[in-house]
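Inspection log for the structure reproduced underneath, given as structure tokens.
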Amino acid sequence: MARDMADGYKLNLWERLSGAPHPAKSFGASFWYETAPEAPVTETLVGEAKAEVAVVGGGYLGLSAALHLAEAGVDVALLEADEAGFGASGRNAGFVVPNLLTGLDPKLMREALGTERGDLLCRTLGEGGDLIFDLIRRHNIDCEGRQSGWIQPLHTPAKQEWLEDRVEQWRALGRPVEALSADQANQETGATSYHGAFLDPTGGHVNPLGLVRGYAKAAIEQGARIYTSSRVQSMERAEDGDRKGWRLKTDKGTLFASKVLLTTNATGDGLAPAAENTQYPITLFQVATEPLDPELRKSVLPNDRSSADTRKDLIAFRWTWDNRLVTGGLLASPFGASELGRTHHLDRLQTLLPQLPPLKLDYAWQGRLAAARDFMPRLMSLGPEAYSAITCNGRGMAMTTAMGKAFARYLTGGSNEELPVPITDPNPIPLPSLASLAFSVWLPFNRWIDARDLKAK
Ligand SMILES: Cc1cc2nc3c(=O)[nH]c(=O)nc-3n(C[C@H](O)[C@H](O)[C@H](O)COP(=O)(O)OP(=O)(O)OC[C@H]3O[C@@H](n4cnc5c(N)ncnc54)[C@H](O)[C@@H]3O)c2cc1C
């Protein structure tokens, strides 16, 4: 009760200050929520339960781990505070992007992790798009999945050298990526101002909530137990007969498990503070327009790819099956975010694509993601056989799905060396809760860099 009151107070304070609904409340406001197939039937944890592996968090990472563990015959139970996809996984833009953020390419990964590990991380992620669409096919997931490719157009000609280098690096790892000319980039997007593009044909787009619900259904079918409305309030080392393990407590039950994997992304609320504090929480806004004239699809993204350009404050857009455009991104300030979020991202799209009619929106929502200061995935040790995986960093669908699979392999006897990043102790950053303030400063600065680069071309 005291916790509910404290949470309610925090939500209200946030809303008063920002004039926007708290991210926790906008889950039901998304286009995906309106159109995704129903979630599978699940139960809340009540009383005592046992499992070999407990997974905490029902986003792509936790559900991919649970699904792959169940497929390997492991007795796995997943505890989700709300419902599958309630975090970033049910609210994102649905872009399947099989690479890391701009700049974090194979060369840098080798420098950061050594040749073998760096290549393993890039290969794992590069295959992440194929993995998602393979899961969609294998488990018959109804999420409007289209493996139509992901494109990253260049907003300035100064990026051309970078493009060639990037393509070369990923091709050396066997990825079928391509460099597009300025004409091709503009033809692919419908813009007139781009100077080339990076294309990964194994990317694409999905209804993200449909996908995460599909993972949940598939995991259940493979034998995983999924408990929803079951927020883990504490975890402690415990014994059950001669078995050593962990006891996870929710408000109505306890789960004893030999191994624990936390996948709570930006929303753990203090369950494992050292691990959570390795991350900056970032709020992103998304909007979906009203349905547009289908004729526009002939000039705007005619190959139905998802597009996110090279600006630091990137412009990203994609179609939905019913001819809406979905776009969004960061805002400089959470203050007045509701109103700004509605107009800012549509205005930018309208400027980029002048053939569009005045855009009106039907849906606006937001979500929180977690990013490490080096934008690298983190696999962390929390004690004997207890781990926290936070791998989001913004381009998360391919990464989290692939990491869930890799970690499931680790938990079934794989070695640390086979993981795409090593398991380390948490390395918390000071004052992560002030991060949103830092981003308020950082974003205008990045916009200034974008504007300067555009002028310099
Ligand atoms: C608005 C937005 C747009 C984005 N767009 C894209 C995109 O287009 N493409 C892309 O690749 N990535 C995108 N991302 C990033 C992507 O959504 C994330 O990387 C990914 O969903 C993270 O998955 P996850 O499983 O790690 O975490 P989450 O999906 O956040 O799941 C964490 C889960 O843990 C649960 N939880 C938290 N605490 C507890 C507890 N104590 N007990 C039990 N459960 C708990 C939460 O309820 C939540 O369901 C976007 C993110 C946002 C916010």
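Both counts, for ligands and for their atoms, begin at 1 and track the order of listing.
Counting heavy atoms under 4.0 Å from ligand 1, residue R91 touches it through the backbone alone. Under 4.0 Å from ligand 1, the heavy atoms of R368 that appear belong solely to its backbone. Under 4.0 Å from ligand 1, the heavy atoms of Q286 that appear belong solely to its side chain. Of the heavy atoms in V56, only side-chain atoms (C-beta onward) come closer than 4.0 Å to ligand 1. With a heavy-atom cut-off of 4.0 Å, L79 touches ligand 1 through its backbone alone. Contacts between V212 and ligand 1, counted as non-hydrogen atom pairs separated by less than 4.0 Å, are absent for every part of the residue.
Between E38 and R213, no side-chain nitrogen of the basic residue sits less than 4.0 Å from a carboxylate oxygen of the acidic one, so the salt-bridge criterion is not met. Salt bridge present: E71 and R138 bring a charged side-chain N and a carboxylate O closer than 4.0 Å. The pair R348-D313 meets the salt-bridge criterion, with a side-chain N (NZ, NE, NH1 or NH2) lying under 4.0 Å from an Asp/Glu carboxylate O. Electrostatic pairing of E418 and R409 does not count as a salt bridge here, judged by no charged N lying under 4.0 Å from a carboxylate O.
Looking at T264, N92, T228 and measuring to atom 39 (C) of ligand 1, the nearest heavy atom belongs to T264. Nearest to atom 9 (N) of ligand 1 by heavy atom, out of Y227, F95, W365, is F95. The option with the heavy atom closest to atom 30 (O) of ligand 1, from among G404, G90, A88, is A88. Atom 32 (C) of ligand 1 has its nearest heavy-atom neighbour, among V326, L262, T263, in T263.
Of the N or O atoms in N265, one or more lie within a sub-3.5 Å distance of an N or O in ligand 1.
Protein heavy atom closest to atom 19 (O) of ligand 1, with residue, atom name and distance, is C392 SG, 2.7 Å.
Counting only residues at least two apart or in different chains, side-chain hydrogen bond (donor to acceptor under 3.5 Å, both in side chains) contacts with residues 399-408 comprise Y215-T401.
Between L61 and F407 the shortest side-chain heavy-atom distance does not fall below 4.5 Å.
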Give the table of side-chain donor-acceptor pairs shorter than 3.5 Å for residues 39-59, with sequence neighbours excluded, one pair per line with atom names and distance.
unit_1	atom_1	unit_2	atom_2	d
T42	OG1	T228	OG1	2.7
T44	OG1	T228	O	3.2
K50	NZ	D240	OD2	3.2

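Annotation: cation-pi pair R166/F198 present, NZ/CZ under 6.0 Å from the ring centroid and within 45° of its normal.
Less than 4.0 angstrom separates some heavy atom of L369 from each of these atoms of ligand 1: 51 (C).
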